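The next block holds one structure in the form of structure tokens; read it before the comments.
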Number of protein chains: 2
Amino acid sequence: MDKPCDRVPLTLLLAYSHYIGKHNFYRKWMIQTMYSSEQEYLNNYSIHHYDIPLLSIDIAIFTLIEGKLHILLVERGDYPFKGVWALPGGFIDKQQDQDLHACALRKLTEKTGVTAPHLEQVETIGNQTRDPRGWSVTSLYMALIPYSPTSEFVEAVTDARWWPYEQALELDLAFDHHQLIETARARLKNKTAYTILPIHVLNTPFTLTQLQQTFEELLEKRIEKKSFRRRILSADLLEEVGQGLPEGGLGRIAALYQPNSNCDKHTFVWSLT
Amino acid sequence: MDKPCDRVPLTLLLAYSHYIGKHNFYRKWMIQTMYSSEQEYLNNYSIHHYDIPLLSIDIAIFTLIEGKLHILLVERGDYPFKGVWALPGGFIDKQQDQDLHACALRKLTEKTGVTAPHLEQVETIGNQTRDPRGWSVTSLYMALIPYSPTSEFVEAVTDARWWPYEQALELDLAFDHHQLIETARARLKNKTAYTILPIHVLNTPFTLTQLQQTFEELLEKRIEKKSFRRRILSADLLEEVGQGLPEGGLGRIAALYQPNSNCDKHTFVWSLT
DNA sequence: GGAATAGTGTCTATAAGACATTATACT
DNA sequence: AGTATAATGTCTTATAGACACTATTCC
């Protein structure tokens with residue numbers, strides 16, 4: 001075996017001590033122990049000595065177009081499942097991506113141009129059968145973005161397309177992506193019942209009626225108007241920013257709202273059953 | 001390049017078509033396309049051509065010992081962090097493990113002997129700095145099991161030990177496991193507010209007072225007796241199975257309960273704020 | 001009877017559901 | 001005036017919280 005000290009990359013050591021952070025015990029432990037056999041272990045470590053599964057990321061990106069839930073799918077350009085519709089996603093780039101979340105954000109931005117969406121991890125699925133290449137794991141993310149018909153970023157990405165959610169279910173999708181989009185949809189519906197999540201698929205400002213219709217679309221259920229308004233206003237998550245008609249332009253002028261500063265923190269607010 | 005048909009393992013093809021399942025479109029697509037270039041791609045595919053991150057599983061196993069929350073930790077026998085306390089876990093065995101959940105269950109059973117616990121995925125964490133070996137991903141699971149002082153399986157596993165949760169926080173743990181146990185603890189607390197999850201750390205049968213004390217321990221908060229009993233009984237998740245004194249043996253005899261058949265399905269019940 | 005714990009009765013406070021009513025815009 | 005939509009008033013219903021009270025056990 002080689003001598004330890006002259007072979008460990010400095011960057012690795014720095015990264016390591018960065019993680020260790022404030023745990024002083026470990027600083028000491030690292031200095032005392034690492035430069036003996038632990039160090040040696042790391043020098044000789046190679047990931048390719050192990051039989052590890054594939055790891056990828058997939059993102060269910062939702063938006064609202066004309067009041068209807070849509071999901072972004074891409075037509076796969078490579079094997080396996082070349083030419084088949086699938087969730088956007090792919091592999092981690094160890095150089096570019098700081099962490100899993102950053103990886104998901106990078107892939108989302110590549111497809112949509114959106115840089116500050118709502119992005120959360122839904123579930124990580126791994127088994128022998130989901131990928132023809134063998135044991136494979138994917139970390140499923142869900143993103144919510146507002147739809148902008150003017151800056152048509154998505155249309156410029158030739159392989160990407162918005163599908164009405166129900167239509168997407170009818171497609172034959174790559175891998176287990178049919179299952180994945182149902183999982184993400186279930187999470188979306190669930191959290192809509194007790195958070196203000198749906199706000200992220202709307203462009204600001206919006207009227208309370210628009211917001212309610214969005215909730216109803218995502219919940220697949222009517223909500224009583226008075227109850228909805230009582231709840232959302234008493235939660236103190238919105239601020240009024242003038243008055244206006246949305247687009248149809250009929251009837252009384254409505255108050256316009258946008259999320260206020262509490263909105264980021266208080267994602268969790270209430271339960272609508 | 002080699003000819004495709006004589007090189008693809010039959011098992012792979014079977015696993016693949018099993019996944020495809022009822023999607024007939026894909027059966028056809030597979031037959032038409034796979035035996036040309038897709039097939040060729042898979043023949044030449046090797047995971048070692050790619051620079052992929054490490055993937056592991058860690059499990060936060062909770063139980064209740066004398067009314068107090070405990071967590072199972074193991075002393076690491078190998079590098080890195082040899083001799084340091086850590087969550088039980090490890091790598092996927094592509095041969096043994098059907099899927100991620102089965103992998104977590106296997107590792108849990110190895111340490112505790114418990115075969116039917118409550119087991120759920122909490123979150124998957126991946127970044128450059130959490131493991132000295134480089135970019136690494138772990139899928140964090142949480143398990144709840146009842147404690148049995150009689151069959152001392154855990155004590156027989158020499159590297160494993162139950163720690164009172166608060167004490168575990170004081171330890172210096174391997175990798176980012178301090179963070180992981182806090183994440184799992186937060187999930188446990190959260191779900192205790194609106195599910196009957198705590199039932200899984202109790203031995204059956206139990207009294208309502210015991211159950212309430214368990215909720216209070218996991219929520220870190222007093223609950224009003226009448227409210228608790230009203231809720232839990234009206235949810236119809238328990239069945240009465242006789243009467244008895246728990247252990248202290250003082251005061252009036254209490255009704256004993258165990259989970260009924262609804263209990264599996266209706267994990268989600270109510271919200272205690 | 002006294003201590004300890006199990007279990008109930010009941011009033012109050014809060015918030016959701018139902019639904020009617022008023023308000024404001026355009027034609 | 002007529003229509004369409006926004007916003008509110010208010011009664012009912014459901015449930016949680018507070019807390020006093022009764023019930024049953026052992027000594």
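This structure is a prediction, so every number in the text was calculated from the model and none was measured. Below, chains carry the letters A, B, ... as their sequence lines are ordered, and counting in each starts from 1.
Taking the six-membered ring where tryptophan is involved, the planes of B:H118 and B:H200 are essentially parallel, since the angle between them stays under 30° and well short of 60°.
Whole-Å rounding puts the A:F228 CZ to D:dT5 P distance at 18 Å. At whole-Å resolution of the value, OH in A:Y194 and P in C:dA15 are 20 Å apart. In this entry the distance linking CD of A:Q210 with C1' of D:dT5 reads 13 Å, nearest Å. Rounded to whole Å, the distance from CG on A:L211 to C1' on D:dA7 is 15 Å. Going from atom NZ of A:K221 over to atom C1' of C:dA16 covers 11 Å, rounded to whole Å. In this structure, the CD atom of A:Q212 is 13 Å from the P atom of C:dA16, given to the nearest Å. Atom CZ in A:F206 sits roughly 16 Å away from atom C1' in D:dA6 (whole-Å rounding). One interatomic measurement links the two molecules: CZ of B:F215 to C1' of D:dA16, which rounds to 15 Å at whole-angstrom precision.
Side-chain to base pairing of B:R252 with C:dA6: one donor and one acceptor N or O lie within less than 3.5 Å of each other.
Listed nucleotides D:dT5, C:dT5, D:dA7 differ in distance to A:A255; the shortest reach to its side chain belongs to D:dA7.
Panel note: side chain A:D58, backbone A:H177; no donor-acceptor pair is recorded below 3.5 Å. With hydrogens and angles disregarded, no donor-acceptor distance shorter than 3.5 Å links the side chain of A:Q121 to the backbone of A:E123.
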Distances under 3.5 Å between protein N/O atoms and the N/O atoms of nucleotides 8-13 of chain C, please, pair by pair.
| from | atom 1 | to | atom 2 | distance (Å) |
| --- | --- | --- | --- | --- |
| C:dG9 | N7 | B:K226 | NZ | 2.6 |

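When side chains are defined from C-beta on, A:I59 counts as touching A:K107, because their heavy atoms get closer than 4.5 Å.
As judged by a 4.0 angstrom heavy-atom cut-off over every strand, A:T209 is placed among residues touching the sugar-phosphate backbone only.
The salt bridge (Lys or Arg N to Asp or Glu O under 4.0 Å) check on B:R230 picks up nothing, with sequence neighbours excluded. Under the salt bridge (Lys or Arg N to Asp or Glu O under 4.0 Å) criterion, B:E217 pairs with B:K68, not counting sequence neighbours.
Salt-bridge check for B:K111 with B:D159: passed, with a basic side-chain N closer than 4.0 Å to an acidic carboxylate O.
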